[in-house]
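First the structure, in the form of structure tokens, and then the observations on it.
Residue numbers begin at 1 in each chain, while the letters A, B, ... track the order of the sequences. If you're wondering where the values come from, they're calculated on a predicted model, not measured in any experiment.
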Amino acid sequence: MRFSKYFIPTQKENSSDAKIKSHILMIKSGMIKQEASGIYSWLPVGFRIIQKIIKVIEKFHELAGVNQILMPTIQSAEIWKKSNRYHTYGKEMLRITDRHEKELLYGPTNEEMITLLAKSFIKSYKNLPRYFYHIQSKFRDEIRPRFGVMRAREFLMKDAYSFDLNKKKGEETYLMFFKLYLKIFKELGIKVIPVRAPAGEIGGNLSHEFHMIVESGESEIYIDESLESMDFNNYSIDDVMSIKSYTDEFYNENKITMSLKKFKSIELGHIFLFGDKYSKSFDFFIDAEKGKFLPFMGSYGIGVSRIPAALIEGSDKKDGVIWPVNVSPFRAVILNLDKKSDLVEKFCDNMYSRFIEDGIDIFYDDRDERPGIKFSDADLLGIPFVIIIGKNYLKKKSVTIINKYSDEEIEIPESDAVNKIKKLIKLHD
RNA sequence: CGGGGAGUAGCGCAGCCUGGUAGCGCAUCUGUUUUGGGAACAGAGGGUCGCAGGUUCAAAUCCUGUCUCCCCGACCA
């Protein structure tokens, strides 16, 4: 993408509404625009980052045999009355009435709907297990939205739902998602810690949240620090159930007394195994070899639109961010620092085409702007590799590459530049 | 919902106390000179002061109502 064709409404000054690093930066770098309290539009750069995150999520769900669907955001109140959550969910649920006075709501989650969806198609035990997910806007009417997309009312969420034969199979699925989540967050460049959580409104008795530890986080977790570097690959369901890290709620409710370290954190994922709570509410019986049974269910959420903010909060860079390669809006950026020179222009155009041909998502600052502006915009956007073409190219046919992860600046012959960038991307992949 | 703060040009703010019809910085536009880390000079455009009432000869300014946004708390898959 050429900068000249890309809409990035950056701001020089901080918005007076934004108080935390991620919110300030997201507005400053033209990622988001607020529409109402807790409701945001995603602008090109911001949405591009969201799409990168979605791509990673989709890749891993696909590999695990989880089928992507798309359910509506508007649901009928009726189904929530049936599960008895219409009244218990409270004011956080946005209720709407249509022109026929039919009660509707903007979905805060989709257990009811997916259960009915599955019920209408799945009739035999031979059809299990089935896993579905979708990535969709949710609305929860928070009393006080804050910190930009961190605690928004409308937000993008990935929610998956599983249907299994029985408890044992359900637990295997739960374990699969547990490990799947760790892989996804790893690929997104986020260090998360799984913590035991109470099941809350969803119901059931097995639940974990995935938290990123950061001082500016709104959540509090108590963790066994050995878990920070734990490899969970060989964990069994029993191991997972006995993890000695907890959300503050779980910690308090269960009056846990062991000495654990308390951290501030951001909740990015939440998984539940709730069994037949919803299949029961909707009389979702499936034929077994003999007789029938209620499928064993679980649900698995990731707060997609919260992830960019979390990454910024978690970044070491003061007042800024350097995106992990898989999340970065672009893999690298080419800066043409000498718009006057046809030679430089030609070389930049050429290099840009080569990256494009190789399928590398490259950004090209082809604007007629001063170098300082190009450097600071590249910083603001947090693109990890910056390729500088200007006077060194004219003088000695060399280009400069800045690796933002290591803060290294290297000057290399022009012919090696494309390969060098490819290597750097691969190294950080 | 309780407590606090704020709505004046695209963004950040001053002006309000003490009423006289709006100003600064950044951004934008034009021109010239600049150009390896947010350039300099010269000129220009842009605001029914959140909205609605009221007081007054006169309201951004005083009064009343209302809407919106932010912060702290309670709330929260």
Side-chain angles (χ1 to χ4, degrees), chain A residues 9-20 23-24 27-30 33-40 85 88-93 107-111 138-148 150-153 155 157-161 195-204 206-211 218-220 247-250 266-274 298-303 306 335-341 344 365 367-381 386-396 398-402 409 411:
Chain A
T10 57
Q11 279 179 198
K12 223 171 185 177
E13 279 163 294
N14 293 348
S15 158
S16 61
D17 278 353
K19 312 286 176 191
I20 65 165
H23 193 194
I24 291 169
I27 290 173
K28 223 174 164 176
S29 62
K33 177 191 179 291
Q34 181 169 31
E35 301 296 353
S37 181
I39 301 178
Y40 294 84
R85 283 210 288 179
T88 58
Y89 214 94
K91 289 196 166 173
E92 218 178 293
M93 183 189 288
T109 177
N110 286 57
E111 279 81 11
K138 295 285 186 288
F139 194 94
R140 292 180 192 171
D141 200 359
E142 298 276 350
I143 295 173
R144 184 152 88 86
R146 62 185 108 174
F147 305 141
M150 193 72 94
R151 178 178 287 288
R153 292 192 295 169
F155 58 97
M157 179 169 167
K158 185 286 305 184
D159 40 327
Y161 303 90
V195 295
R196 192 72 197 274
E201 192 56 44
I202 300 278
L206 185 52
S207 176
H208 286 84
E209 291 180 4
F210 295 80
H211 284 247
E218 284 193 277
S219 305
E220 281 179 347
T247 65
D248 57 344
E249 212 183 341
F250 190 96
I266 297 171
E267 178 194 346
L268 295 175
H270 200 159
I271 60 177
F272 301 88
L273 189 64
F274 49 76
S299 65
Y300 316 86
I302 291 179
R306 188 180 266 185
L335 304 188
N336 176 346
L337 290 197
D338 191 349
K339 280 292 279 187
K340 283 257 158 62
S341 158
V344 168
D365 195 342
R367 294 174 302 168
D368 189 10
E369 290 288 356
R370 299 166 58 83
I373 290 178
K374 297 193 175 188
F375 279 117
S376 53
D377 278 347
D379 286 346
L380 194 58
L381 291 176
V386 182
I387 307 160
I388 299 155
I389 298 155
K391 68 182 182 198
N392 286 350
Y393 176 74
L394 290 175
K395 270 191 237 157
K396 28 186 176 162
S398 72
V399 307
T400 306
I401 295 174
I402 302 176
E409 198 169 320
E411 197 184 325

Rounded to whole Å, the NZ-P distance (A:Lys19 to B:C70) equals 10 Å
Short side-chain N/O contact to B:C70 OP1/OP2 from A:Ser16, under 4.0 Å:
no
Contact class for A:Ile402 vs. all strands (heavy atom < 4.0 Å): base, sugar-phosphate, or nothing?
base
Check: protein-nucleotides 3-9 of chain B nitrogen or oxygen pairs below 3.5 Å:
none

Distance criterion of 3.5 Å, no angle test: do you see the side chain of A:Gln11 paired donor-to-acceptor with the base of B:G10?
no
Answer yes or no: side-chain N or O of A:Arg151 and base N or O of B:C76 forming a donor-acceptor pair under 3.5 Å.
yes
Considering every strand and a 4.0 Å limit on heavy-atom distances, what is the contact class for A:Ala197: base, sugar-phosphate, or nothing?
nothing
Do any side-chain nitrogens or oxygens of A:Ser37 fall under 4.0 Å of OP1 or OP2 in B:C70?
yes
Need one value for A:Phe155: base, sugar-phosphate or nothing, where a base atom within 4.0 Å counts as base even if backbone is also close, heavy atoms only.
nothing
Base, sugar-phosphate, or nothing for A:Gln34, non-hydrogen atoms under 4.0 angstrom?
sugar-phosphate
Detail all sub-3.5 Å separations between protein N/O atoms and N/O atoms belonging to nucleotides 49-52 of chain B.
none

Contact pattern, 5' to 3', of nucleotides 29-36 of chain B - B, S or - by protein heavy atom under 4.0 Å:
-----BBB
Nearest whole Å is fine: how far is B:G38 P from A:Arg367 CZ?
14 Å
